[in-house]
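Numbers for residues simply follow the sequence, beginning at 1. The analysis underlying the following values was restricted to heavy atoms, covering all of them including side chains, and did not include hydrogens, waters or symmetry mates.
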Amino acid sequence: MMLVPTHHFRDIERKPEYLQPEKCTPPPFPGPAGTMWFIRDGCGIACAIVTWFLVLYAEFVVLFVMLIPSRDYVYSVINGVVFNLLAFLALASHCRAMLTDPGAVPKGNATKEFIESLQLKPGQVVYKCPKCCSIKPDRAHHCSVCKRCIRKMDHHCPWVNNCVGENNQKYFVLFTMYIALISLHALIMVGFHFLHCFEEDWTKCSSFSPPTTVILLILLCFEALLFLIFTSVMFGTQVHSICTDETGIERLQRKKQPREHSGSWKSVQEAFGGEFSLNWFNPFTRPCQPETPIDKGLVRQVSSLSDMDNMETAETQSEETKERDSVEVLDE
């Protein structure tokens, strides 16, 4: 094998150990089946805690300020069941998005033995991430927070303390959808509660004092409005990414590399799992996707070295300050 030098590797050449597969330590043995995925990032953990706190605050105001003191029992029961069900699904989706492996590439597999086992042919290349010493599959990107290369990485979201990638995008979409729904529901109930309290005596509208009731409702109104706008935008962005089969990173980079695009409906089915059913909206069901082979997408075909240089130049323009890749080419 020979290394193909380009300007893309200048910074790496100062650290030649990154370019040598024999310097990579063998990948660790995989953990037991069902091992929980969790990112130990202080900012992400704090954001996840804040997310749960805000949802529980909305739960408190909806139940103890608006529904329980209400004299209309049918109204209270219906809205209480709907709100609590949506809140439960939102928090369950948040947990699944946070604790699911987003599609991490095996760390440290860029060893000499593994590269040789791929049996590269002339015109075939593999990209190596020098940060996690992994063979980088097509459409994978390195996350500096997770410290791993993630397949079809869309972005790293601190609110779920995880990357949004190939394996957990469904849960993130459900999380944004359910948060938007409970935010809209809370806004509607706050509006009805204010109208009702203006017609009635404020002391009969809530078990709290009128000033406390107004402050709690206004805070909930601001929270719901903010999260409704934010999560609606994120939900629309994620659905658009799935339908166009283009991740957020790819959309920002606008890569010119040729890539096969699957149909919109096919992409949606792959993300949510099979034909349309209620399981699409269930955060406790996994997408019905086959297990990703370890060597899936590792080897890339180029017709000539000039084509590879063009691919490298396009990638360099958008990622030169984020990640550096090395390329192994079979010597003809």
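Nearest heavy atom pair, residue Ala87 against residue Val55, reads CB-CG1, 4.4 Å. Lys136 and Cys149 make their closest contact through CG-SG, 4.3 Å (heavy atoms, listed as atom of the first residue, atom of the second, distance). Nearest heavy-atom pair across Gly165 and Ile150 is CA-CG2, 4.3 Å. Of all the heavy atoms in Glu166 and Lys152, the pair that sits closest is OE2-CD, 3.8 Å. A pairwise comparison of heavy atoms in Pro283 and Arg96 identifies O-NH1, 2.9 Å as the closest pair. Taking all atoms of both residues into account, the shortest heavy-atom contact from His142 to Lys147 is CE1-C, 3.8 Å.
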Exercise for review: Carefully, step by step, assess His156 and Cys163 under the rule side chain to side chain contact (heavy atoms under 4.5 Å, CB included).
Suggested key: CA-CA 4 Å; His156 184 92; Cys163 278; 3.4 Å; yes
**Study point:** Residue pair Asn79, Phe192: steps toward the side chain to side chain contact (heavy atoms under 4.5 Å, CB included) verdict
**Key:** CA-CA 12 Å; Asn79 283 280; Phe192 278 114; over 6 Å; no
Exercise for review: Evaluate the criterion side chain to side chain contact (heavy atoms under 4.5 Å, CB included) for residue pair Gln238 and His155; output intermediate values, then yes/no.
Suggested key: CA-CA 10 Å; Gln238 289 298 302; His155 68 286; 3.6 Å; yes
Review point. Checking side chain to side chain contact (heavy atoms under 4.5 Å, CB included) for the pair Arg151/Val105: CA distance, chi angles, key distance, verdict?
Key: CA-CA 7 Å; Arg151 294 179 184 269; Val105 179; 4.2 Å; yes
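Atom-to-atom distance recorded for Ile39:CD1 and Ile45:CD1 is 9.5 Å, nearest 0.5 angstrom. Note that OG of Ser70 and CG of Asp72 are 5.0 Å apart. Values are rounded to the nearest 0.5 Å. To the nearest 0.5 Å, atom CG of residue Leu226 and atom CD1 of residue Ile229 are 7.0 Å apart. Here the NE2-OH distance, from His94 to Tyr171, works out to 15.0 Å after rounding to the nearest 0.5 Å. Here the straight-line distance linking atom CG of Leu89 with atom CG of Leu181 works out to 10.0 Å at 0.5 Å rounding. Going from atom CD of Glu223 over to atom CG of Leu54 covers 4.5 Å, rounded to the nearest 0.5 Å.
Taking the six-membered ring where tryptophan is involved, the planes of His196 and His193 are tilted, since the angle between them lies from 30° to 60°. Using a 30° and 60° split on the angle between ring planes, Trp280 and Phe272 fall in the parallel class, below 30°.
Tested against Leu216, the residues Val214, Thr212, Leu220, Ile218 include a single side-chain contact (heavy atoms from CB on, under 4.5 Å) partner, Thr212.
In this structure the side chain of Cys47 never reaches within 4.5 angstrom of the side chain of Asn161, judged on heavy atoms. At a threshold of 4.5 Å between non-hydrogen side-chain atoms, the residues Phe83 and Leu67 do not count as touching. Put simply, the side chain of Leu85 does not reach to within 4.5 Å of the side chain of Tyr178, judged on heavy atoms. The side-chain heavy atoms of Asn162 and Cys157, taken from C-beta on, include no pair separated by under 4.5 Å. Considering only heavy atoms from C-beta on, Ser183 stays 4.5 Å or farther from Leu225 through its side chain. Taking the side chain as every heavy atom from C-beta outward, Val126 and Phe114 never approach each other to under 4.5 Å. When side chains are defined from C-beta on, Leu217 counts as touching Met66, because their heavy atoms get closer than 4.5 Å. In this structure the side chain of Lys170 reaches within 4.5 angstrom of the side chain of Thr285, judged on heavy atoms.
Within a 6.0 Å sphere centred on CZ of Phe284, heavy atoms belonging to other residues, nucleotides or ligands number more than 12. When the shell of 6.0 Å around CZ of Phe88 is examined, it contains 12 or fewer heavy atoms from other residues, nucleotides or ligands.
Under a hydrophobic clustering in which Ile, Leu, Val, Met, Phe, Trp and Tyr are joined whenever their side-chain heavy atoms come within less than 4.5 Å, directly or via other members, Ile182 and Val50 fall into the same cluster. Placement of Phe276 and Met177 within a single hydrophobic cluster is found when ILVMFWY residues are connected by side-chain heavy-atom separations under 4.5 Å, directly or transitively. Note: the hydrophobic cluster containing Leu174 does not contain Val233 (ILVMFWY, side chain heavy atoms under 4.5 Å, direct or indirect links). Under the 4.5 Å side-chain heavy-atom criterion for Ile, Leu, Val, Met, Phe, Trp and Tyr, Ile188 and Tyr75 are members of the same hydrophobic cluster. Connection of Phe53 to Trp159 is established within a shared hydrophobic cluster, with ILVMFWY side chains joined at heavy-atom distances below 4.5 Å, either directly or through further cluster members.
Side-chain contact annotation: Arg139 with Thr247, donor-acceptor N/O pair under 3.5 Å absent. No hydrogens or angles considered: nothing links the side chains of Trp37 and Asn168 as a donor-acceptor pair under 3.5 Å.
When atom types are taken as modelled, the side chain of Thr100 and the backbone of Ala97 share no donor-acceptor pair closer than 3.5 angstrom.
Checked for salt-bridge contact, Arg251 and Asp154 miss the test: no charged N lies under 4.0 Å from a carboxylate O.
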